[in-house]
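Have a look at the structure below before the remarks.
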Amino acid sequence: MEWQSELWISGLIYGALAFGVMGFLARDELLLRLFMLAASALYLIYYYNVASVPLWDAMLANSILATVNIAVILIVVLERTTFYMSKETEALFRQFPMLTPGQFRRLLKAAREVEAVEPLSLTRAGTAVDRLWYVHEGALRIGKGGREARVETTMFVGELAFLTGAPASASVSVEPGARVLEWEAADLRRLLGKSAKLNVALQAQFNADLVRKVTRSAPLAEFSLGRLEP
Ligand SMILES: Nc1ncnc2c1ncn2[C@@H]1O[C@@H]2COP(=O)(O)O[C@H]2[C@H]1O
């Protein structure tokens, strides 16, 4: 009977070792942490049973590590899931497919929600832009080269100035009822400076937005008149 109990106790250590190895081989952070948590559980059972009295110090140390691990697992799960978002926020999140839920939450936290009660001017062609907007509901008017277009779409406004530092390339306003997210460019730059991944994800989101804008836009008059090099 004794050898069976010894085998069981050794099995716990080798089981923990197996989970540890699988954890260190995992490339995904969540998987790594879940394997290490399973290893911790086996170590706890081992420390409780290996001697005539439980090894309390070892158990306490292991429990502290497991608790920290569980806390970070919860954070990682929150970063990856939308279940804590309201229906409205989740619908808005679907307009940002390049971002993870966690990245979107951080971006949203840095934004101010503005609802236009009257025509609201966002940019004026040729003038400096110190903010970035995302129109997620309502209609916009885009004026460029003496012409104006009315569009009902979701889009960034001011991203070109944000990316290049150049003055606004068009005059853009939104109609009453439009709902807009607004970021101070300096605040947003600070936020992006803290996370390279968020920076890359937002650039990808800008790219997707720009592709939609170019796809929709008409040829420039200057091109057709041969005033610009193609
Ligand atoms: N042809 C276009 N179609 C849609 N949006 C545009 C077009 N030209 C400019 N814009 C938007 O108008 C904004 C004016 O400021 P920005 O140049 O920073 O960024 C510009 C784009 O967000």
Side-chain angles (χ1 to χ4, degrees), residues 88-89 91-100 103-230:
E88 194 188 358
T89 309
L92 188 55
F93 167 65
R94 274 190 240 108
Q95 296 179 25
F96 292 76
M98 304 300 171
L99 271 62
T100 65
Q103 290 170 337
F104 177 70
R105 186 175 47 80
R106 270 178 279 158
L107 205 60
L108 203 57
K109 208 171 148 199
R112 199 164 72 91
E113 168 93 48
V114 180
E115 187 159 353
V117 285
E118 51 190 25
L120 177 66
S121 166
L122 303 182
T123 60
R124 277 189 47 216
T127 63
V129 185
D130 60 0
R131 276 166 285 172
L132 172 75
W133 299 267
Y134 182 76
V135 181
H136 62 94
E137 222 177 283
L140 303 101
R141 288 182 179 273
I142 305 168
K144 207 171 184 175
R147 288 199 278 170
E148 192 182 66
R150 180 184 183 276
V151 286
E152 263 181 67
T153 185
T154 58
M155 65 176 239
F156 282 107
V157 176
E159 79 288 3
L160 299 179
F162 184 78
L163 289 168
T164 63
S169 60
S171 298
V172 181
S173 62
V174 288
E175 292 186 353
R179 294 178 69 192
V180 182
L181 293 176
E182 179 182 87
W183 293 268
E184 293 295 332
D187 291 349
L188 191 55
R189 285 213 171 82
R190 219 168 295 127
L191 179 69
L192 299 181
K194 286 188 209 158
S195 166
K197 281 186 183 169
L198 177 58
N199 192 12
V200 170
L202 188 61
Q203 303 273 344
Q205 196 62 52
F206 284 156
N207 285 345
D209 196 81
L210 284 167
V211 167
R212 282 176 59 218
K213 281 173 179 154
V214 173
T215 308
R216 267 197 325 254
S217 71
L220 288 169
E222 288 86 346
F223 270 116
S224 56
L225 292 172
R227 285 199 217 125
L228 287 178
E229 291 298 318

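Position 1 is the first residue of the sequence, and the numbers go up from there. Start at 1 and go down the list; that is how both ligands and their atoms are numbered.
A 4.5 Å side-chain heavy-atom check between R212 and D209 finds at least one atom pair inside the cut-off. A heavy-atom distance below 4.5 Å is not found between the side chains of Q103 and Q205.
Close contacts between ligand 1 and T123 involve ligand atoms 14 (C), 15 (O) [criterion: under 4.0 Å to a heavy atom]. When each atom of ligand 1 is checked for a heavy atom of I142 under 4.0 Å away, the hits are 4 (C), 5 (N). For ligand 1, the atoms closer than 4.0 angstrom to any heavy atom of M155 are 5 (N).
In terms of protein heavy-atom proximity, atom 18 (O) of ligand 1 is closest to A161 N, 2.7 Å. Scanning all protein heavy atoms for the shortest distance to atom 12 (O) of ligand 1 gives V172 CG2, 3.2 Å. Atom 22 (O) of ligand 1 has as its closest protein heavy atom E159 OE1, 2.6 Å. The closest protein non-hydrogen atom to atom 8 (N) of ligand 1 is K144 NZ, 3.0 Å.
By the criterion of a heavy-atom distance under 4.0 Å, neither the backbone nor the side chain of F162 is placed next to ligand 1.
The shortest N or O to N or O distance between S169 and ligand 1 is under 3.5 Å. Note: an N/O pair closer than 3.5 Å links K213 and ligand 1 by distance alone.
Across every non-hydrogen atom of V157 and L132, the tightest pair is O-CD1, 3.6 Å. Contact between S169 and L160 at its shortest, heavy atoms only, is OG-CD1, 3.6 Å.
Formation of a donor-acceptor pair under 3.5 Å by the S171 side chain with backbone atoms of A125 is found in this model. Not one N or O on the side chain of R112 forms a donor-acceptor pair closer than 3.5 Å with the backbone of E184.
Classified by interplanar angle (parallel below 30°, tilted 30° to 60°, perpendicular above 60°), the ring pair F96/F104 is tilted. In this pair, W183 and F156 present their aromatic rings tilted. The plane angle is within the 30 to 60° band.
Atom 2 (C) of ligand 1 is not flagged as protein-proximal [any protein heavy atom, distance under 4.0 Å].
Side chain to side chain, N207 and Q203 fail the donor-acceptor criterion of an N or O pair below 3.5 Å.
Residue L160 holds the heavy atom nearest to atom 16 (P) of ligand 1 of all those in V129, T164, L160. Which of G158, A128, A168 comes nearest to atom 13 (C) of ligand 1 through a heavy atom is settled by distance: it is G158.
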